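Working notes for the structure below.
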Amino acid sequence: MKLPKEGDFITIQSYKHNGNLHRTWRDTMVLKTTENALIGVNDHTLVTEGDGRRWVTREPAIVYFHKKYWFNIVAMIRDTGISYYCNLASPYYLDLEALKYIDYDLDVKVFESGEKRLLDVEEYERHKRQMQYSAELDYILKENVKTLVDWINKEQGPFSQAFVDIWYKRYLGLKKQ
């Protein structure tokens with residue numbers, strides 16, 4: 001399959017461990033693809049929840065997906081600064097329909113102040129029991145929380161102001177075309 005190129009629009013679909021569709025983002029603009037990563041942007045993007053509810057994203061956000069890490073990162077660009085929402089999730093898979101991944105409930109939110117918060121621990125524990133996450137999967141996810149926090153602390157990759165600036169500027173240039 002041919003990788004989407006800069007300026008293409010793709011759909012993103014998140015699933016739960018049991019295979020149920022969780023959420024869909026329509027028309028994410030691709031900014032860069034490599035063998036292992038995809039960087040895109042959502043800006044007033046239509047989101048459809050698994051139960052059919054719909055809403056539109058409020059601000060531009062740079063999205064980062066990787067095939068080797070069990071998380072994805074959303075850098076939300078606001079007038080007051082950048083905040084991050086990080087999903088603990090399977091590495092992504094890309095097919096002709098969409099970029100797809102499994103959402104594993106645990107999230108890390110990084111506020112504009114730099115404060116970090118681990119979210120949805122109870123939901124993770126409940127789904128771990130209900131959907132029978134293996135001990136190996138539980139270990140992988142918890143290790144990836146550590147990796148993610150390390151990236152945040154080191155301002156590595158998407159957590160670098162320069163990363164967000166470069167990709168947001170690129171998006172604004174493509175949007176004008």
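In this text, all values refer to a predicted model and were calculated from it rather than measured experimentally.
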Is the distance from the ring center of [X] to that of [Y] below 6.0 Å?
X: Tyr15; Y: Tyr101; value: no
X: His66; Y: Tyr92; value: no
X: Phe71; Y: Trp151; value: yes

Are Lys109 and Phe111 in a cation-pi setup, meaning NZ or CZ lies under 6.0 angstrom from the ring centre and within 45 degrees of the ring axis?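 Satisfied, under 6.0 Å and within 45°.
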
Would you call [X] and [Y] a salt bridge, using N to O less than 4.0 angstrom?
X: Asp165; Y: Lys169; value: no
X: Arg23; Y: Asp103; value: no
X: Lys146; Y: Asp150; value: no

For a quick check under 3.5 Å, do [X] and [Y] share a side-chain donor-acceptor pair by atom type?
X: Arg26; Y: Thr45; answer: no
X: Thr57; Y: Asn42; answer: no
X: Thr80; Y: Glu112; answer: yes
X: Asn144; Y: Tyr139; answer: no

Apply side chain to side chain contact (heavy atoms under 4.5 Å, CB included) to residues Tyr84 and Val108 and explain how you reach the verdict. CA-CA 8 Å; Tyr84 294 89; Val108 176; over 6 Å; no

Considering all heavy atoms, the nearest [X]-[Y] contact:
X: Cys86; Y: Leu148; result: CB-CD2, 3.5 Å
X: Met131; Y: His17; result: O-CD2, 3.4 Å
X: Lys116; Y: Ile152; result: CD-CG2, 3.5 Å
X: Leu3; Y: Thr34; result: CD1-O, 3.9 Å
X: Leu88; Y: Leu141; result: CD1-O, 3.7 Å
X: Pro91; Y: Lys67; result: CB-O, 3.1 Å

Can you confirm whether Glu115 is buried at CD, in the sense that more than 12 heavy atoms of other residues, nucleotides or ligands lie under 6.0 Å from that atom?
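Count over threshold, so yes.
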
- Query: Does CD in Glu123 sit with more than 12 non-hydrogen atoms of other residues, nucleotides or ligands closer than 6.0 Å?
  - Reply: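 Correct, the count exceeds 12.
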
Self-check item: Backbone of His22 reached by a side-chain donor or acceptor of Ser14 within 3.5 Å
Solution: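 Here the side-chain-to-backbone pair does not exist.
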
State the [atom1]-[atom2] distance between [X] and [Y], to the nearest 0.5 angstrom.
X: Ile62; Y: Leu31; atom1: CD1; atom2: CG; answer: 5.5 Å
X: Asn72; Y: Tyr85; atom1: CG; atom2: OH; answer: 10.5 Å
X: Asp8; Y: Thr28; atom1: CG; atom2: OG1; answer: 12.0 Å

- prompt: Do Gln13 and Trp25 pass the side-chain hydrogen bond (donor to acceptor under 3.5 Å, both in side chains) test, and can you show the C-alpha distance, the side-chain angles, and the key distance before you say yes or no?
  reply: CA-CA 7 Å; Gln13 294 175 335; Trp25 291 259; over 6 Å; no

Could you tell me if the side chain of [Y] sits less than 4.5 Å from the side chain of [X], heavy atoms only?
X: Arg58; Y: Arg78; answer: yes
X: Tyr93; Y: Leu99; answer: no
X: Trp167; Y: Tyr64; answer: no
X: Val63; Y: Val41; answer: no

With the 4.5 Å side-chain cut-off for hydrophobic clustering, are Leu119 and Ile73 part of the same group?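 As far as the 4.5 Å side-chain criterion goes, Ile73 and Leu119 are not connected within one cluster.
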
> Do Val47 and Ile102 share a hydrophobic cluster, counting only Ile, Leu, Val, Met, Phe, Trp and Tyr and linking them when any side-chain heavy atoms are less than 4.5 Å apart?
Replying inline: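 No.
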
- Query: What do the steps show when you test Glu6 against Leu174 for side chain to side chain contact (heavy atoms under 4.5 Å, CB included), and what is the final call?
  - Reply: CA-CA 9 Å; Glu6 178 183 85; Leu174 288 167; 3.5 Å; yes

So Arg53 and Thr48, side-chain hydrogen bond (donor to acceptor under 3.5 Å, both in side chains) or not? Walk me through it.
CA-CA 6 Å; Arg53 288 180 297 126; Thr48 305; over 6 Å; no

- Item | Passing option when Asp105 is tested against Lys128, Lys16, Arg126 for salt bridge (Lys or Arg N to Asp or Glu O under 4.0 Å) |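 Among Lys128, Lys16, Arg126, the one meeting salt bridge (Lys or Arg N to Asp or Glu O under 4.0 Å) with Asp105 is Lys16.
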
query: What class does the angle between the rings of Tyr104 and Trp70 fall in, given that below 30° is parallel, 30 to 60° is tilted and above 60° is perpendicular?
result: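 Rings of Tyr104 and Trp70: tilted, as their planes differ by 30° to 60°.
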
(request) Would you sort out whether Thr24 and Thr11 count as a side chain to side chain contact (heavy atoms under 4.5 Å, CB included), showing the intermediate values? (result) CA-CA 7 Å; Thr24 301; Thr11 296; 3.5 Å; yes

Taking it one step at a time, do Met76 and Ile82 satisfy side chain to side chain contact (heavy atoms under 4.5 Å, CB included)? CA-CA 6 Å; Met76 295 168 286; Ile82 300 166; over 6 Å; no

